[in-house]
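I am attaching a structure below and will ask some questions about it afterwards.
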Protein chains: 2
Amino acid sequence: MLSKKSQYAFKALAYLTEKYKQGPVLIAEISKKKKIPLKFLENILLELKKADILDSKKGKGGGYFLKMDPAKVKVATIVRLVNGPIAMLPCVSLYFYERCKNCDEKQCGLHDMMIEVRDASLAILENRTLSDLVH
Amino acid sequence: MLSKKSQYAFKALAYLTEKYKQGPVLIAEISKKKKIPLKFLENILLELKKADILDSKKGKGGGYFLKMDPAKVKVATIVRLVNGPIAMLPCVSLYFYERCKNCDEKQCGLHDMMIEVRDASLAILENRTLSDLVH
DNA sequence: TAGATTCCCTACCAACTTGATAGACTTAAA
DNA sequence: TTTAAGTCTATCAAGTTGGTAGGGAATCTA
């Protein structure tokens with residue numbers, strides 16, 4: 001399941017997508033409109049900025065805004081960034097791979113199945129972008 | 001991600017699938033062969049028994065065994081039982097549904113996307129069984 | 001029926017994660 | 001130089017995860 005943090009992140013990103021190319025948006029405005037706890041949202045937006053998804057301006061007239069075209073930002077990227085692995089097992093994760101202990105991947109039935117699940121999920125998440133969040 | 005508990009559960013179930021119709025298997029044997037902490041495994045197996053996946057016999061010659069044909073036990077069932085929701089959001093879960101707060105499902109882009117992901121995962125997990133774990 | 005064997009049950013625990021808050025600091029505009 | 005923003009560090013309560021401890025209850029066998 002996506003954490004609350006991830007859900008907040010997507011709501012905020014959807015809002016910033018609507019406001020794309022309309023100048024910086026205040027954290028406080030996003031917080032109010034999307035009903036996200038202000039200080040928690042601060043952390044999330046900062047993290048997205050450090051990951052080069054968002055950019056910001058300080059001082060009066062400042063705020064947050066998307067660093068690039070929302071149609072270029074994959075949903076999969078955001079999920080990995082804020083929520084972690086998409087795969088159901090570390091041993092089938094592309095970006096967070098870890099070998100399983102006491103389990104030969106070559107003959108583990110679960111392994112193969114979870115690769116299928118991963119690929120099915122990625123087929124969707126890698127082909128949807130922030131612009132698909134707003135319609 | 002599947003919890004360690006879930007991974008243990010699948011390993012144990014795979015083992016019991018191999019031994020299907022060969023009489024009760026000791027917790028200690030499963031623990032040793034699959035390298036699962038004994039007492040932790042006890043809890044897991046007991047839970048699976050209460051959920052009618054396994055049955056057991058006490059005393060000498062006792063142990064655990066599958067209650068029904070492994071080809072009849074869906075992987076999706078086990079995941080839901082031991083790990084929880086398969087969906088990425090409560091508001092798109094079939095078995096653990098919860099309405100989202102401050103979010104109209106009818107116009108939430110994330111909602112629709114996560115329904116797609118859920119269905120793609122279920123297409124696999126609902127059509128694989130314990131027998132697919134061993135080959 | 002005694003004793004061994006095996007699962008059953010309740011309780012507990014440390015470590016980690018999650019969701020959230022507080023407060024001081026920095027940068028930039030007016 | 002004041003004010004309006006974002007930035008940073010720290011902290012915290014509650015819940016979850018992974019695991020352990022120890023005795024109780026059922027069953028088999030001698």
Side-chain angles (χ1 to χ4, degrees), chain A residues 1-12 16 23-32 34-67 81-85 88-90 96 98 100-102, chain B residues 1-12 16 23-32 34-67 81-85 88-90 96 98 100-102:
Chain A
M1 298 271 285
L2 292 179
S3 63
K4 226 125 191 291
K5 181 179 163 189
S6 304
Q7 297 179 48
Y8 289 155
F10 276 114
K11 284 192 185 196
L16 289 173
V25 183
L26 294 182
I27 303 178
E29 178 183 338
I30 305 174
S31 164
K32 196 175 173 189
K34 292 296 189 175
K35 308 239 170 83
I36 304 171
L38 182 72
K39 295 297 279 184
F40 198 13
L41 181 58
E42 270 187 23
N43 299 334
I44 296 168
L45 295 180
L46 193 56
E47 193 177 330
L48 289 170
K49 179 187 173 176
K50 287 179 179 166
D52 277 327
I53 305 295
L54 298 180
D55 206 346
S56 66
K57 256 190 85 180
K58 288 183 180 176
K60 185 153 193 181
Y64 274 98
F65 49 94
L66 282 168
K67 198 164 183 176
L81 194 62
V82 185
N83 205 73
M88 297 186 85
L89 290 176
F96 300 83
E98 277 176 62
C100 353
K101 277 180 291 237
N102 319 317
Chain B
M1 298 271 284
L2 292 178
S3 63
K4 226 125 192 288
K5 182 178 164 191
S6 304
Q7 297 178 48
Y8 289 155
F10 276 114
K11 284 192 185 194
L16 289 173
V25 183
L26 294 182
I27 302 178
E29 178 183 338
I30 306 174
S31 163
K32 196 175 173 187
K34 292 296 187 173
K35 309 238 169 84
I36 304 170
L38 181 71
K39 296 296 279 182
F40 198 15
L41 181 58
E42 268 189 24
N43 299 334
I44 296 168
L45 295 180
L46 193 55
E47 192 177 331
L48 289 169
K49 180 187 173 176
K50 285 179 180 166
D52 277 328
I53 305 295
L54 298 180
D55 207 348
S56 66
K57 256 189 85 179
K58 287 181 180 177
K60 185 154 195 181
Y64 275 98
F65 49 93
L66 283 167
K67 199 164 183 177
L81 194 62
V82 186
N83 205 72
M88 297 186 85
L89 289 176
F96 299 84
E98 276 177 62
C100 353
K101 277 181 291 237
N102 320 318

Regarding A:L38, tell me which of base, sugar-phosphate or nothing describes its non-hydrogen contacts under 4.0 Å with the strands shown.
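Touches nothing.
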
Using a cut-off of strictly less than 4.0 Å between a heavy atom of the residue and any atom of DNA chain C, enumerate the qualifying residues of residues 47-56 of chain B by number.
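B:K49, B:K50, B:S56 - these, ordered by number, are the residues of the stretch whose heavy atoms sit under 4.0 Å from the strand.
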
Which listed nucleotide (C:dG19, C:dC7, D:dC8) is nearest to the side chain of B:I27?
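Given the options C:dG19, C:dC7, D:dC8, the side chain of B:I27 is closest to C:dC7.
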
Gap between atoms CD1 and C1', on B:I30 and C:dT6 respectively (whole Å):
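It is 13 Å, rounded to the nearest whole Å.
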
Can you measure A:F40 atom CZ to C:dA22 atom P for me and round it to whole angstrom units?
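Result: 15 Å.
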
Tell me the interatomic distance from A:I44, atom CD1, to C:dG19, atom P, rounded to whole angstroms.
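Between P of C:dG19 and CD1 of A:I44: 9 Å.
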
Would you indicate which nucleotide in D:dT20, D:dG22, D:dG18 comes nearest to any side-chain atom of B:N43?
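Nearest to the side chain of B:N43 among the choices is D:dT20.
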
Whole-Å gap separating P (C:dT17) and NZ (B:K4):
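After rounding, the reported distance stands at 14 Å.
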
Looking at every non-hydrogen atom in both residues, tell me the closest pair between A:G62 and A:L26 and how far apart they are.
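Scanning both residues completely, I find the closest heavy atoms to be O-CD2, 3.6 Å.
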
Could you please name the option among C:dT21, D:dT27, C:dT10 that lies closest to any side-chain atom of B:K58?
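The answer is D:dT27, which lies nearest to the side chain.
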
Taking CD from A:E29 and P from D:dA5, how many angstroms apart are they, rounded to a whole number?
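Roughly 11 Å, once rounded to whole Å.
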
Donor-acceptor contact present, side-chain B:D55 to main-chain B:L66, <3.5 Å:
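The answer is no, because no donor-acceptor pair under 3.5 Å joins these two groups.
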
Atom-to-atom span, CG of B:L2 to C1' of D:dT16 - whole angstrom:
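Going from B:L2 (CG) to D:dT16 (C1'), I get 16 Å.
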
Could you check B:E42 against B:N83 and say which one's nearest nucleotide on DNA chain D is further toward the 5' end?
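This one resolves to B:N83.
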
Candidate nucleotides D:dG18, C:dG19, C:dC9, ranked by approach to the side chain of A:S3 - the nearest:
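Out of D:dG18, C:dG19, C:dC9, the nucleotide with an atom closest to A:S3's side chain is C:dG19.
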
Quick check on DNA chain C: between A:K5 and A:G61, whose nearest nucleotide comes earlier from the 5' end?
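Counting from the 5' end, the first nearest nucleotide belongs to A:K5.
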
Which atom of A:I36 lies closest to which atom of A:L41, heavy atoms considered:
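Heavy atoms only, the tightest pair is CG2-CB, 3.8 Å.
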
Taking all heavy atoms of A:Q7 and all of A:L2, pick out the closest pair and write down the distance.
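For A:Q7 and A:L2, the tightest heavy-atom pair comes out as NE2-O, 3.3 Å.
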
May I ask you to test the B:L54-B:F65 pair for a side-chain heavy-atom distance under 4.5 Å?
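Answer no - side chains too far apart.
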
Identify whether any heavy atom of B:L45 sits under 4.0 Å from a base atom; if not, whether one sits that close to sugar-phosphate; answer base, sugar-phosphate or nothing.
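Touches nothing.
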
Closer than 4.0 Å, any side-chain N/O of B:K60 to the OP1 or OP2 of D:dA26?
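Result: no.
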
Interatomic distance where CE belongs to B:M1 and P belongs to D:dT16 [whole Å]
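These atoms are roughly 19 Å apart.
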
Ignoring hydrogens and angles, answer whether the base of C:dG19 and the side-chain atoms of A:K39 contain a donor-acceptor pair closer than 3.5 Å.
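Such a pair does not exist between side chain and base.
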
Can you find a side chain N or O atom of B:Y8 that sits less than 4.0 Å from OP1 or OP2 on D:dG19?
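Checking B:Y8 against D:dG19: at least one side-chain N or O falls below 4.0 Å of OP1 or OP2.
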
Which atom of B:D52 lies closest to which atom of B:K67, heavy atoms considered
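Scanning both residues completely, I find the closest heavy atoms to be OD1-NZ, 2.6 Å.
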
Side chain to side chain, A:F40 and A:K5, heavy atoms closer than 4.5 Å
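They are in contact (side-chain heavy atoms under 4.5 Å apart), so the answer is yes.
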
Taking the minimum atom-to-atom distance to the side chain of A:P37, which one of D:dG19, C:dG19, C:dT21 wins?
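The nucleotide sitting nearest to the side chain is C:dT21.
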
Test salt bridge (Lys or Arg N to Asp or Glu O under 4.0 Å) on B:E42 and B:K39 and set out the steps.
CA-CA 5 Å; B:E42 268 189 24; B:K39 296 296 279 182; 3.4 Å; yes

